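All residue numbers in this chain count up from 1 along the given sequence. Predicted model, so just to flag it, every value in this text is computed and none were measured. Hydrogens, waters and symmetry mates play no part in the numbers below; they use all other heavy atoms, side chains included.
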Amino acid sequence: ARRLREMMGDELLRTQAHVTRLIKTSTERVADFLLEMADRSPETSDIEMPMSRQEIADHLGLTIETVSRTFAKLEAINAIARLDARHVRLRRAALKNISTP
């Protein structure tokens with residue numbers, strides 16, 4: 001029962017974060033998403049993207065073009081480095097500065 005409550009609490013926090021994310025700018029949304037992915041592998045700065053750009057766009061309520069432009073913008077300001085189509089190296093501090101205006 002305790003584990004179920006913990007799981008429900010975690011899911012509620014994720015849902016709340018997702019709803020809050022929808023009122024943010026596209027850059028803030030993508031930064032939040034990347035930080036969320038990074039939290040799943042806190043020991044490394046390199047993450048494998050679990051979703052396609054289209055899936056990320058759908059998840060964040062954005063268009064695929066906006067997601068692509070935002071990734072390019074984050075790369076230009078050195079918040080991320082794209083290693084290939086599915087792998088990204090994150091600069092967590094830079095992303096945190098973006099996600100919390």
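Residues Q54 and D58 form a side-chain contact, since some pair of their non-hydrogen atoms from C-beta on lies under 4.5 Å apart. When side chains are defined from C-beta on, L34 counts as touching L74, because their heavy atoms get closer than 4.5 Å. Residues M51 and H59 form a side-chain contact, since some pair of their non-hydrogen atoms from C-beta on lies under 4.5 Å apart. The side-chain heavy atoms of M7 and R3, taken from C-beta on, include a pair separated by under 4.5 Å. Between L35 and K96 the shortest side-chain heavy-atom distance falls below 4.5 Å. Looking only at side-chain heavy atoms (C-beta outward), F33 and E28 stay at 4.5 Å or farther from each other. The shortest side-chain heavy-atom distance between I80 and R89 does not fall under the 4.5 Å cut-off. Looking only at side-chain heavy atoms (C-beta outward), I98 and I77 come within less than 4.5 Å of each other.
Between the side chains of T66 and T63, at least one donor N or O lies within less than 3.5 Å of an accepting N or O.
E75 has a carboxylate O that lies under 4.0 Å from a charged side-chain N of R82, or vice versa, which qualifies the two as a salt bridge. Salt bridge absent: E65 and R69 never bring a charged side-chain N and a carboxylate O closer than 4.0 Å.
Here the CD atom belonging to E48 is positioned 11.0 Å from the CG atom belonging to L83, to the nearest 0.5 angstrom. Here the CG atom belonging to L90 is positioned 7.5 Å from the CG atom belonging to D46, to the nearest 0.5 angstrom. Rounded to the nearest 0.5 Å, atoms OG (S26) and CG (L60) are 9.5 Å apart.
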Exercise for the section: Walk me through it: do M49 and V88 pass the test side-chain contact (heavy atoms from CB on, under 4.5 Å)? Expected result: CA-CA 7 Å; M49 300 303 295; V88 179; 4.0 Å; yes

Starting from the C-alpha separation in whole Å, work towards a yes-or-no answer on side-chain contact (heavy atoms from CB on, under 4.5 Å) for T15 and E11.
CA-CA 6 Å; T15 301; E11 187 60 32; 3.8 Å; yes

- Task: Would you please test L95 and D32 for side-chain contact (heavy atoms from CB on, under 4.5 Å) and show each step?
- Result: CA-CA 8 Å; L95 290 171; D32 281 349; over 6 Å; no

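Of the possible polar contacts, none joining the K73 side chain to the T27 backbone as a donor-acceptor pair under 3.5 Å is found.
The minimum heavy-atom distance between P50 and M37, with the atom names listed, is CG-SD, 3.4 Å.
When R29, R53, E55 are each tested for a side chain to side chain contact (heavy atoms under 4.5 Å, CB included) with V67, only one passes: R53.
At most 12 heavy atoms of other shown residues, nucleotides or ligands fall within 6.0 angstrom of atom CZ in R91.
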